[in-house]
Amino acid sequence: MIERSLRTPTVKFLMEHLQKSGCNMPHNFVKAEKCDQNVSGGYSRGKGIIVCNNHVNIQDEVNQVVIHELIHAYDDCTAKNMKWENCAHHACSEIRAGHLSGDCHFKRELLRGYMKMRGHEQDCVKRRVMRSLALNPFCSETAAKDAMEAVWDTCYNDTRPFDRAP
């Protein structure tokens, strides 16, 4: 499924922009592993992208995880002084990944049981940012919420490397 994902247009676009930015991506940059936490995947500097094969089992989910995590990899590579332990830095990358990856598309939200007609996308991004920051040992709930609110406008409107949000 990862091989198939690497051939999708959005993944290819992101990989090309990572390479153009001088980001190092070894041949096994995206790999499948069993994950202990209840997450779909993750990105780690120097290790690459993990797709949790015990939590993700259909192609669309794999594609979604790879796109989301590639946005984190892009941020990590292109941002000056990116520090994942900094709640604002982490929140910004999560906002961008949630907004640009399609994680919060209306159809996905309906399948998760969220039926709000207006504002669903931003609510979803905020909910998912908070869930991700809860896993960061350097971010208390209050610090995470404050960081997310402080960087929201700038990061939500930053669509790099896309011209606009896909």
Side-chain angles (χ1 to χ4, degrees), residues 5 10-11 13-15 17-18 21-25 29-30 33 35-52 55-56 61-114 116 118-166:
S5 181
T10 304
V11 170
F13 174 86
L14 287 166
M15 296 285 273
H17 278 80
L18 277 159
S21 298
C23 306
N24 180 31
M25 294 179 305
F29 188 70
V30 182
E33 287 185 9
C35 299
D36 295 333
Q37 291 179 312
N38 187 20
V39 295
S40 301
Y43 166 76
S44 179
R45 180 182 290 153
K47 294 181 184 171
I49 294 170
I50 300 296
V51 177
C52 299
H55 297 292
V56 178
E61 291 174 333
V62 172
N63 296 349
Q64 204 60 42
V65 168
V66 172
I67 292 166
H68 181 104
E69 301 306 335
L70 280 171
I71 293 166
H72 288 320
Y74 180 85
D75 289 349
D76 192 39
C77 175
T78 62
K80 290 180 175 64
N81 303 317
M82 178 70 166
K83 291 182 174 57
W84 291 99
E85 60 275 6
N86 179 312
C87 295
H89 291 193
H90 187 174
C92 187
S93 190
E94 289 297 344
I95 291 165
R96 286 176 31 75
H99 179 53
L100 301 173
S101 68
D103 283 344
C104 293
H105 186 275
F106 184 71
K107 179 179 72 176
R108 288 183 200 290
E109 280 291 87
L110 279 177
L111 293 171
R112 292 180 190 125
Y114 295 97
K116 188 173 177 185
R118 279 199 191 160
H120 76 275
E121 201 262 354
Q122 289 190 11
D123 287 352
C124 170
V125 171
K126 288 177 181 180
R127 185 179 69 249
R128 294 173 69 82
V129 167
M130 291 302 293
R131 194 174 81 196
S132 183
L133 291 178
L135 299 173
N136 185 333
F138 298 98
C139 300
S140 68
E141 186 176 351
T142 302
K145 191 169 187 339
D146 290 347
M148 179 181 67
E149 288 173 0
V151 301
W152 179 264
D153 288 339
T154 301
C155 301
Y156 189 82
N157 292 311
D158 179 359
T159 60
R160 291 172 302 121
F162 303 99
D163 292 331
R164 58 182 168 74

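All values reported here derive from a predicted model rather than from experimental measurement. Just so you know, residue 1 is the first one in the sequence shown, and it goes up from there.
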Inset, instruction - For S132, check side chain to side chain contact (heavy atoms under 4.5 Å, CB included) against everything at least two apart and list the hits. - result: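 Scan of S132 (side chain to side chain contact (heavy atoms under 4.5 Å, CB included), adjacent residues dropped) gives H90, E94.
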Inset, instruction - With sequence neighbours left out, write down each residue that passes side-chain hydrogen bond (donor to acceptor under 3.5 Å, both in side chains) with R45, or none if nothing qualifies. - result: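 For R45, the residues satisfying side-chain hydrogen bond (donor to acceptor under 3.5 Å, both in side chains) (neighbours in sequence not counted) are D76.
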Inset, instruction - Would you please name every residue forming a side-chain hydrogen bond (donor to acceptor under 3.5 Å, both in side chains) with N81, sequence neighbours left out? - result: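 So N81 forms no side-chain hydrogen bond (donor to acceptor under 3.5 Å, both in side chains) with any residue.
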Output yes when a side-chain donor or acceptor of [X] lies under 3.5 Å from a complementary backbone atom of [Y], and no otherwise.
X: H55; Y: Q37; result: yes
X: H89; Y: K83; result: yes
X: S101; Y: D103; result: yes
X: E121; Y: C104; result: no
X: R96; Y: R160; result: yes

Inset, instruction - Using the test salt bridge (charged side-chain N to carboxylate O under 4.0 Å, His left out), find all partners of R131 that sit at least two apart in sequence or belong to another chain. - result: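 R131: no salt bridge (charged side-chain N to carboxylate O under 4.0 Å, His left out) contacts found.
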Restricting to non-hydrogen atoms, name the atom on [X] and the atom on [Y] that form the minimum distance, rounded to 0.1 Å.
X: P161; Y: L14; value: CG-CD2, 3.8 Å
X: V56; Y: S40; value: CG2-O, 3.4 Å
X: V30; Y: V66; value: CG1-CG2, 4.0 Å
X: S21; Y: C77; value: O-SG, 4.3 Å
X: I50; Y: C35; value: CG2-SG, 4.0 Å
X: S93; Y: H72; value: OG-ND1, 2.6 Å

Legend entry - Set of ring-ring contact (aromatic ring centres under 6.0 Å, His included) partners for F162, sequence neighbours left out: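 Per chain and number, F162 pairs via ring-ring contact (aromatic ring centres under 6.0 Å, His included) with F13.
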Give, for atom [atom1] of [X] and atom [atom2] of [Y], the distance between the pair rounded to the nearest 0.5 Å.
X: I95; Y: I71; atom1: CD1; atom2: CD1; result: 13.0 Å
X: S5; Y: L70; atom1: OG; atom2: CG; result: 8.0 Å
X: E33; Y: K47; atom1: CD; atom2: NZ; result: 9.0 Å

4.5 Å side-chain heavy-atom contact, [X] and [Y]:
X: L135; Y: V39; answer: yes
X: F138; Y: N86; answer: no
X: V11; Y: N63; answer: no
X: Y43; Y: W84; answer: yes
X: D158; Y: T154; answer: no

Inset, instruction - Taking atom CD of E85 as the centre, report whether more than 12 heavy atoms of other residues, nucleotides or ligands fall under 6.0 Å from it. - result: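 Yes.
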Output a table of donor-acceptor pairs, distance under 3.5 Å, between side-chain atoms of residues 141-153 and any protein atom two or more places apart or on a different chain; print 'none' if there are none.
from, atom 1, to, atom 2, distance (Å)
K145, NZ, E149, OE2, 2.6

